[in-house]
Amino acid sequence: MQCQLPKLRISTYLIAGSLTVISTLLIFQSGKFDNILEALFWFTFYTVFSNLLAFNSIKIWQEQNNHQAWRLHTFIFSLALLVSGFWTLVFYPALMSYDSINQWTQALSGQYYSWHPPIMAMIMSLTILFSGNNPSLFAFIQGFLLWVSIYLVLHKLVRDNRLYLISCLIVTLLPSLWTYTSILWKDVWFASMALLGIYFLIYAIEAEAGVKRIKLLVSLIFFSLAIAFRHNGFTILLGLLVVFIKLFPQKNHWRNAILALCLAGICMAPAKIIDTLPMVQQTTQSPLLFASMYMGTLSRADITPSDLAQERLEIDAVFGDGLFAETFAYYQNGSCLFPIQSLLKFTNSFVIEREKLSFMAEKAVNTALKHPVAFLRHRLCNLAWVFYTRWELIGYTFLYYPTLQNNLLGLSSDSRLLSIKMWILDILKHSRFGFWSFIWLTSLFMVSGVVVSFLSLQKYPSIVITNAIGASYAFSYFLVDMSPDWRFLLSYVAY
């Protein structure tokens with residue numbers, strides 16, 4: 001043992017020294033900073049945390065499965081800070097779409113709307129107290145939480161130390177996650193909170209009786225936060241129900257069912273409470289997806305001319321003359337995705353009338369139940385379009401050309417590592433890594449995860465928990481129309 005210590009010390013300091021040199025080159029050769037203090041801050045930041053990362057990763061590698069918890073957490077936090085800091089500098093101050101700009105505007109004004117769950121804009125307003133009209137601090141915190149949650153869950157799934165370190169490296173280098181670190185979307189926060197909930201739920205199952213309740217409570221808190229970040233986040237409760245039955249296998253099934261419903265209510269309560277706060281103005285959700293599902297199903301159904309005429313009369317009576325014929329003809333020509341200019345009229349034709357949203361939802365569901373084969377054909381068509389869509393149709397939703405969308409707030413892209421950003425953009429532009437890996441690898445992970453979960457139902461509960469919750473959320477998107485916007489499945493990418 002004494003003979004190994006000098007080798008360990010020499011190798012550790014060599015790696016730490018190399019990381020310090022890399023930090024220096026990264027900051028001063030590639031960096032574009034407003035002043036010397038900013039450059040010195042990032043140089044110190046990377047020097048300190050890269051050295052912490054080097055020391056602890058080497059120790060974890062050598063200790064095999066007997067590492068100390070504090071060492072693992074130091075490794076995870078250091079790596080998450082370094083990764084988030086890097087992408088914040090590359091895409092400084094942040095990547096922002098129209099929705100991001102809308103939520104940042106709410107944060108600046110202090111007036112929130114329920115169209116997007118207001119919790120994200122509220123958190124933005126807290127960072128504005130420190131950074132002003134600069135979203136870089138919010139982007140950094142978001143990226144840190146995302147990577148911490150991924151690395152923590154990954155550790156529960158990969159118990160061998162060396163394999164875990166290798167897995168962390170592979171996930172960190174996955175191009176599909178690069179832009180999601182800095183794009184200000186509620187989907188990223190949902191994924192982070194859901195993954196942290198999964199981590200503590202697995203922790204609860206493995207913990208002692210006294211600690212189990214505490215970890216389970218923490219897990220429910222994170223799941224509640226996840227639901228608060230997305231209106232459809234409640235779908236993860238289906239996976240939680242499966243896990244709950246396995247976690248508390250009691251003979252009294254009625255008691256299990258009642259307890260599960262109570263926990264579901266507790267998880268959904270924070271989102272409802274936030275929506276009812278005085279500073280949150282209630283807005284009606286768009287019937288766009290319901291309209292698309294309705295039209296796509298109806299266009300593929302075996303329906304008589306008289307029934308079709310009746311449908312046209314009912315739709316035009318609510319949304320305006322000519323809208324039904326315009327949209328229906330588009331789908332009859334073989335389209336698998338909604339004609340955005342036509343279907344937007346379903347949204348533009350009403351502002352506050354919730355009755356129209358309910359009307360369209362009822363129409364979509366009833367039509368799908370009445371013509372299940374046509375509904376299935378439309379869903380398969382839509383999914384095929386998502387998988388094989390042309391590159392030029394992807395747009396900013398997947399951010400092949402990451403940008404900060406035009407706005408009236410004075411925000412603009414100002415990368416601190418411009419040469420590296422151009423290199424990254426070139427990789428995303430001229431390779432299939434970004435879109436291709438996220439679409440196909442996510443689908444592969446999903447299918448293989450379900451299979452592995454079924455085969456390891458009793459032996460590996462952590463795998464079952466992770467896939468049950470992830471699949472329950474992802475599956476809900478296969479029931480509605482989608483654009484090539486697979487950010488919705490982000491919470492599944494760690495599996």
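Values reported hereafter were calculated over all heavy atoms of this structure, with side chains retained and with hydrogens, waters and symmetry mates removed.
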**Item:** Tyr92 vs Asn134, side chain to side chain contact (heavy atoms under 4.5 Å, CB included): CA-CA, chis, key distance, verdict
**Value:** CA-CA 10 Å; Tyr92 190 90; Asn134 186 325; 3.0 Å; yes
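- Summarising the local packing, CD of Glu362 is surrounded by 12 or fewer heavy atoms from other residues, nucleotides or ligands at distances under 6.0 Å.
- Between the side chain of Thr47 and the backbone N or O of Thr44, no donor-acceptor pair lies under 3.5 Å.
- When each of Trp87, Trp423, Trp147 is checked for a ring-ring contact (aromatic ring centres under 6.0 Å, His included) with Trp178, only Trp87 meets the rule.
- Side-chain atoms of Gln111 come within 3.5 Å of backbone atoms of Met279 as a donor-acceptor pair (strictly under, hydrogens ignored).
- Between atom CD1 of residue Ile128 and atom CE of residue Met124 there is a gap of 8.0 Å, rounded to the nearest 0.5 Å.
- Here the side chain of Ser219 pairs no donor or acceptor atom with the backbone of Lys215 at under 3.5 angstrom.
- Closest approach of Thr181 to Ser84, counting heavy atoms only: CG2-CA, 4.1 Å.
- With hydrogens and angles ignored, the 3.5 Å screen pairs no side-chain donor or acceptor of Ser182 with any backbone N or O of Ala94.
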Donor-acceptor pairs under 3.5 angstrom involving side-chain atoms of residues 264-278: please list them, not counting sequence neighbours.
residue, atom, partner, partner atom, Å
Thr276, OG1, Lys272, O, 3.3
Thr276, OG1, Ile273, O, 2.8

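- Taken from CG in Leu409 to CE in Met96, the straight-line distance is 7.0 Å, to the nearest 0.5 Å.
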**Asked** Could you go step by step and tell me if Leu195 and Leu152 meet the side chain to side chain contact (heavy atoms under 4.5 Å, CB included) rule?
**Response** CA-CA 8 Å; Leu195 287 171; Leu152 285 173; over 6 Å; no
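- Side chains of Asp99 and Ser97: a donor-acceptor N/O pair is absent below 3.5 angstrom, by distance only.
- Using a 30° and 60° split on the angle between ring planes, Phe77 and Phe144 fall in the tilted class, from 30° to 60°.
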**Request:** Begin from the C-alpha positions of Leu108 and Trp104 and carry the test side chain to side chain contact (heavy atoms under 4.5 Å, CB included) through to its verdict.
**Result:** CA-CA 6 Å; Leu108 289 171; Trp104 188 255; 3.7 Å; yes
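- Using bins of under 30°, 30° to 60° and over 60° for the plane-to-plane angle, the ring pair Phe49/Phe45 lands in the tilted bin.
- Remark: Thr179 OG1 to Ile424 CD1 distance equals 10.5 Å, nearest 0.5 Å.
- Residue Val365 comes nearest to Met293 through the heavy atom pair N-CE, 4.4 Å, listed as atom of the first residue, atom of the second, then distance.
- Taking the six-membered ring where tryptophan is involved, the planes of His155 and Tyr164 are perpendicular, since the angle between them exceeds 60° and thus also 30°.
- In terms of heavy atoms, Ser100 sits closest to Trp185 at OG-CD1, 3.7 Å.
- Ala121 and Gln103 get closest at one heavy-atom pair: CB-O, 3.6 Å.
- Of the possible donor and acceptor atoms, one in the side chain of Tyr46 sits under 3.5 Å from a partner among the backbone N and O of Phe86.
- Rounding to the nearest 0.5 angstrom, the gap separating the CD1 atom in Ile150 from the CG atom in Leu145 is 11.0 Å.
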**Working for side chain to side chain contact (heavy atoms under 4.5 Å, CB included), residues Ile141 and Phe138** = CA-CA 5 Å; Ile141 295 173; Phe138 183 84; 5.9 Å; no
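- Counting only N and O atoms by type, the side chains of Tyr151 and Thr172 include a donor and acceptor under 3.5 Å apart.
- For the pair Arg230 and Phe190, the cation-pi criterion (under 6.0 Å, within 45° of the ring axis) is not fulfilled.
- If you look at Trp61 and Phe75, their ring centroids are not closer than 6.0 Å.
- Pairs of residues two or more places apart, or lying in two chains, never qualify as salt bridge (Lys or Arg N to Asp or Glu O under 4.0 Å) while including a residue from residues 88-98.
- The shortest non-hydrogen separation linking Ser415 to Leu89 is OG-O, 3.5 Å.
- Atom CE of Met422 is surrounded by 12 or fewer heavy atoms from other residues, nucleotides or ligands within 6.0 Å.
- Scanning all heavy atoms of the two residues, the minimum distance from Pro135 to Leu184 falls at CB-CD1, 3.8 Å.
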